[in-house]
Amino acid sequence: MNRFHLEKLLFISLSLAFAAACAPEAGTVTPHKQSMSTPQPPEVSESPTLASSLSTPTQEGSTNPTPTLVARVLDSDELAVTIEFSDWEEHANEQVLILLSSEITIDEAGEVTLDYLTWAGIRGTLVTFGLDANSAIIGEGMTRNEDAFLVSYRPVSYSARESYLIDLASHEVRAFKETCDLPLPMGIGPEFIAFACTESKQTWHFINLNDATDQLTLELPDSAKSYLFLEPLWLNRNEIIYVEARNNSSCFVDVTIWDPVCKGLDFWLGPMSPDGSLFEIRTGSEIAPNEIGIINSDCVTKSTVPCNPQLTKVPSDMAPVDSATRAITDSVWQPEGDAIYYIVQLNTDKMTIAKERSEIWRFDLAAQSFEMLYNLPGELYFGEPRFELAPASWSPDGKRVIVKDGPRISKLNIETGELTLLTEGGVLLGTITLP
């Protein structure tokens, strides 16, 4: 919700799940470097699975969890694409950015790659997907998982869609098909994937990352029926918050209890602070707010805690409500949590929506004050516009943050305003340390 983002790409896969097809020995596709091999049984997690750790909710109004199968695990010979791992030993133990080379449908049979990009601008291939004609690989943004990536195969006909969980540490690919006609954006947590379907946005499905046959379906309360599409953000292993896309409502749940806290808010809910204690908020218009501030995350995650926002009036020259040329389109927390940075996009022609330049503003939480830092060319975002819940990509020293301007991926020195182009082309999925 903190981004003036592109239209959502709601692509993942379609199928009918049944227990006989989900035997554990078919649960893991294990390609070695440069080739696909015979599937091996999935590793068993030493920690409790989601289904086994769930207890019957005790609070009034809760519903019992419903065991079900929401996806069919695919064997290696069922995949619609070929998958090969590359060698990245030269950059092992280095923090890198992860890019999908393209999400554009290819006209003829070809390849799409999952790439790494170093902070020095070196780009290489991690995984290669071999596709038939008229198909695409779609990337899902990372929310709280720094080791695995989720992508989906999509043919133009929307048939035979498949989801692939790419684990770089183990060189494994776990593939499955969801029962949905059209899944909503997924949330990849430390141990589980969460997703819903367009036909029932209150019904949420969970798939264990270690064993895709370990699945569960749970329901949000009736009060969430009026909400628009909810996007999932894992806070830790058990807790997840569903944020209403382009609106101001949310639902919070602990999946081990499943007693959802759903609230309609009087402000726009922005990104969470790095330590999880605060949310950024805006009042009035999202892109031209009257006030900007923070709230304690407890007021969103606990039903008995009231919201007492700390708000500061937005400067009149930042993004006035009556302006047709200035809009606050993106924000990101400083890694230490002391400030929030905003991107104000500007266009000089009031008759078009094209943005010609961007300003970087800093909101100091202690001083409750705004400062305009830099004026930069282009329509900038802190990462992918459509991955507004994904964490921002900061350098290890906390001085540089990734910004995107169309196909251009650059690093911005937040202290000096220096903008350095790293590469062109690709969809930014997140930041990891290569195994």
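Residue numbers start at 1 and run along the sequence shown. In what follows, every heavy atom counts, from backbone to side chain, and hydrogens, waters and symmetry copies are set aside.
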Ignoring hydrogens and geometry beyond distance, is a side-chain donor-acceptor pair present between [X] and [Y] at under 3.5 Å?
X      : Y      : answer
Arg154 : Thr105 : yes
Glu379 : Tyr381 : yes
Glu280 : Tyr342 : yes
Thr329 : Gln345 : yes
Thr433 : Gln95  : no

[X] side chain to [Y] main-chain N or O, any donor-acceptor pair under 3.5 Å?
X      : Y      : answer
Ser135 : Pro155 : no
Asp364 : Ala367 : yes
Glu424 : Pro407 : no
Lys399 : Ile414 : no
Lys263 : Cys299 : yes
Asn296 : Asp298 : no
Asp254 : Glu239 : no
Ser358 : Leu380 : yes
Glu384 : Leu428 : yes

How close do [X] and [Y] get, counting heavy atoms only, and between which atoms?
X      : Y      : answer
Gln215 : Ile207 : CG-CG1, 4.2 Å
Leu235 : Phe252 : CD1-CE1, 3.7 Å
Phe267 : Ile281 : CD1-CG2, 3.5 Å
Ser297 : Met272 : CB-CE, 4.2 Å
Glu415 : Tyr374 : O-OH, 2.7 Å
Gly337 : Leu365 : O-CD2, 4.0 Å

Is it the case that more than 12 heavy atoms not belonging to Glu336 sit under 6.0 Å from its CD atom?
->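 More than 12 heavy atoms, drawn from other residues, nucleotides or ligands, come within 6.0 Å of this atom.
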Ring centre gap for Phe370 and Phe363 strictly below 6.0 Å |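 Yes.
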Could you list all the ring pair (Phe, Tyr, Trp, His ring centres under 6.0 Å) pairs where at least one residue sits in residues 403-435, not counting sequence neighbours?
->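 Of all non-adjacent pairs touching residues 403-435, none passes ring pair (Phe, Tyr, Trp, His ring centres under 6.0 Å).
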A side-chain contact here means heavy atoms from C-beta on lying under 4.5 Å apart; do [X] and [Y] qualify?
X      : Y      : result
His91  : Thr118 : yes
His205 : Glu178 : no
Ser410 : Leu422 : no
Leu429 : Leu99  : no
Ile328 : Ile292 : yes
Pro271 : Val332 : no

When you check the gap from the basic side-chain N to the acidic O, do Glu371 and Arg362 get nearer than 4.0 Å?
->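 Salt bridge flag = no for Arg362 with Glu371.
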Lys/Arg N to Asp/Glu carboxylate O, Glu291 vs Arg282, below 4.0 Å | no
Give the ring-plane orientation class for Tyr164 versus Phe129, where under 30° counts as parallel, over 60° as perpendicular and anything between as tilted.
-> parallel
Test side-chain contact (heavy atoms from CB on, under 4.5 Å) on Ile241 and Phe279 and set out the steps.
-> CA-CA 12 Å; Ile241 185 168; Phe279 279 102; 3.8 Å; yes
Give the C-alpha distance, both sets of side-chain angles, the deciding distance and a yes or no for ring-ring contact (aromatic ring centres under 6.0 Å, His included) between Trp333 and Tyr341.
-> CA-CA 6 Å; Trp333 284 84; Tyr341 293 96; over 10 Å; no
Can you list, pair by pair, the side-chain donor-acceptor contacts under 3.5 Å of residues 313-324, counting residues two or more places apart and other chains?
from   : atom 1 : to     : atom 2 : distance (Å)
Ser323 : OG     : Thr325 : N      : 3.1
Ser323 : OG     : Thr325 : OG1    : 3.4
Ser323 : OG     : Arg326 : N      : 3.1

Can you spot which of Leu114, Leu100, Ile409 makes a side-chain contact (heavy atoms from CB on, under 4.5 Å) with Val427?
->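 Checked Leu114, Leu100, Ile409 against Val427; only one passes side-chain contact (heavy atoms from CB on, under 4.5 Å): Leu100.
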Go through Trp88 and His171 one step at a time and tell me if the ring-ring contact (aromatic ring centres under 6.0 Å, His included) criterion holds.
-> CA-CA 12 Å; Trp88 57 83; His171 283 245; 4.9 Å; yes
List the steps, then state whether side chain to side chain donor-acceptor pair (under 3.5 Å) holds for Glu111 with Thr128.
-> CA-CA 7 Å; Glu111 295 179 343; Thr128 300; 5.0 Å; no
Please step through side-chain contact (heavy atoms from CB on, under 4.5 Å) for the pair Trp119 and Val96, ending with a clear verdict.
-> CA-CA 7 Å; Trp119 286 89; Val96 298; over 6 Å; no
